[in-house]
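Below, each value reflects all heavy atoms present in this structure, side chains not excepted, and no hydrogens, waters or symmetry copies. For clarity, every value in this text was computed on a predicted model and none was experimentally measured.
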Amino acid sequence: LKESNGSTDSYAAISQVDRLQSEPESIRKWREEQKERLEQLDANSRKQEAEWKEKAIKELEEWYARQDEKLQKTKASNRVADEAFYKQPFADVIGYVAAEEAFVNDAEDIFPGTEWERVAQLCDFNPKSSKQAKDVSRMRSVLISLKQAPLVR
C-alpha cells in the first residue's frame, strides 16, 4: 500500500507540474501579479496596524496624563475648600447640624406614595453632568418611570 500511495502522490505531483506547464502565459503572469499584489496589501495592512497601535498608545498616555492632571486639580481644590470650611468657628458642629436639619426636613415630608419622589430628589437625572464612568441610563429611566407611575400594592 505504501508503494501505491507513494506512486499516487508522485503521479499527482507530476500532473500538477504538467498543469502548471500547460497553463497559458497570461494566466501564469496574472497569478504572479496577484501574489505580488496580495503581498503588498499584507505589508500595507501590517504597516497600518503598527501605526494605529502607536497612535493608540500615544492617545492612551495623553488621556492618562489629562486624567492625572484633573485628579491633582480636584484634590487641590478639595483641600482648599476643606481648609476654608474647617477654619470657620464651630465647623464640625455646623456640618453635623446641617446634615441633621436636612434629614429632619426630609423626614417631615414623608407621606405614603412619595417614596419614589424622595428617591428622585437624591438622584442626578442630567446625563451630561454625571461624572460616573458607568452607563446608568437604564437605571435612570426605571427610576423616572417609577416616579411617574409608582407601583401599586
Side-chain angles (χ1 to χ4, degrees), residues 5 9 12-13 15-17 19-20 23-153:
N5 284 341
D9 290 340
S15 66
Q16 173 110 13
V17 169
R19 196 174 335 118
L20 290 175
E23 75 180 357
E25 179 68 22
S26 60
I27 293 178
R28 188 184 58 75
K29 187 176 179 181
W30 174 85
R31 188 183 315 273
E32 290 172 1
E33 289 174 358
Q34 184 71 5
K35 184 178 178 183
E36 290 174 11
R37 268 190 300 238
L38 291 175
E39 288 173 357
Q40 184 68 27
L41 287 174
D42 286 345
N44 287 343
S45 67
R46 284 191 294 270
K47 181 181 173 186
Q48 192 174 28
E49 183 179 350
E51 290 173 359
W52 285 346
K53 284 183 180 180
E54 289 175 17
K55 184 179 176 184
I57 289 170
K58 286 180 185 176
E59 288 180 1
L60 193 59
E61 288 172 354
E62 290 172 3
W63 183 84
Y64 278 122
R66 284 194 309 270
Q67 286 298 102
D68 189 44
E69 186 179 331
K70 281 184 188 176
L71 183 65
Q72 297 306 324
K73 286 181 181 177
T74 304
K75 285 180 180 180
S77 65
N78 286 347
R79 282 190 202 107
V80 169
D82 284 348
E83 287 175 11
F85 178 77
Y86 285 112
K87 283 181 182 176
Q88 297 175 356
F90 307 109
D92 52 344
V93 176
I94 293 171
Y96 176 76
V97 170
E100 184 73 20
E101 285 178 3
F103 179 76
V104 169
N105 288 340
D106 286 346
E108 290 175 0
D109 297 337
I110 296 177
F111 298 108
T114 62
E115 294 86 1
W116 288 111
E117 290 177 19
R118 288 186 291 135
V119 169
Q121 288 174 353
L122 298 173
C123 297
D124 181 17
F125 289 108
N126 187 359
K128 293 181 181 172
S129 69
S130 175
K131 294 185 180 180
Q132 295 174 339
K134 295 181 182 177
D135 181 23
V136 293
S137 57
R138 185 163 179 248
M139 184 64 176
R140 184 182 303 117
S141 65
V142 168
L143 288 175
I144 290 173
S145 66
L146 287 171
K147 179 183 173 188
Q148 292 171 351
L151 296 175
V152 179
R153 291 182 186 215

**Message:** Are R37 and Q34 packed together at the side-chain level, in the sense that at least one heavy-atom pair is separated by less than 4.5 angstrom?
**Reply:** yes
**Asked** Would K53 and E49 count as a salt bridge (charged side-chain N to carboxylate O under 4.0 Å, His left out) if you check the C-alpha gap in whole Å, the side-chain angles of each, and the deciding distance to 0.1 Å?
**Response** CA-CA 6 Å; K53 284 183 180 180; E49 183 179 350; 3.6 Å; yes
**Prompt:** Would you call L143 and K147 a side-chain contact if the rule is heavy atoms closer than 4.5 Å?
**Reply:** no
**Message:** If I take atom CD from residue Q72 and atom OG from residue S77, how far apart are they, to the nearest 0.5 angstrom?
**Reply:** 11.0 Å
**Request:** Determine whether R140 and I144 make a side-chain contact, defined as any pair of heavy atoms from C-beta on separated by less than 4.5 Å.
**Result:** yes
**Item:** Point-to-point distance, once rounded to the nearest 0.5 Å, from CG of D68 to CH2 of W63
**Value:** 10.5 Å
**Message:** Nearest 0.5 angstrom please: R66 CZ to E59 CD, how far?
**Reply:** 8.5 Å
**Request:** Just jot down the side-chain hydrogen bond (donor to acceptor under 3.5 Å, both in side chains) partners of R46, sequence neighbours excluded, or say none.
**Result:** none
**Prompt:** Hey, is K58 close enough to E54 for a salt bridge, meaning N to O under 4.0 Å?
**Reply:** no
**Request:** State the CZ-CZ distance between R31 and R28, to the nearest 0.5 angstrom.
**Result:** 10.0 Å
**Asked** Given E69 and K73, is the side-chain contact (heavy atoms from CB on, under 4.5 Å) satisfied, shown in steps?
**Response** CA-CA 6 Å; E69 186 179 331; K73 286 181 181 177; 3.4 Å; yes
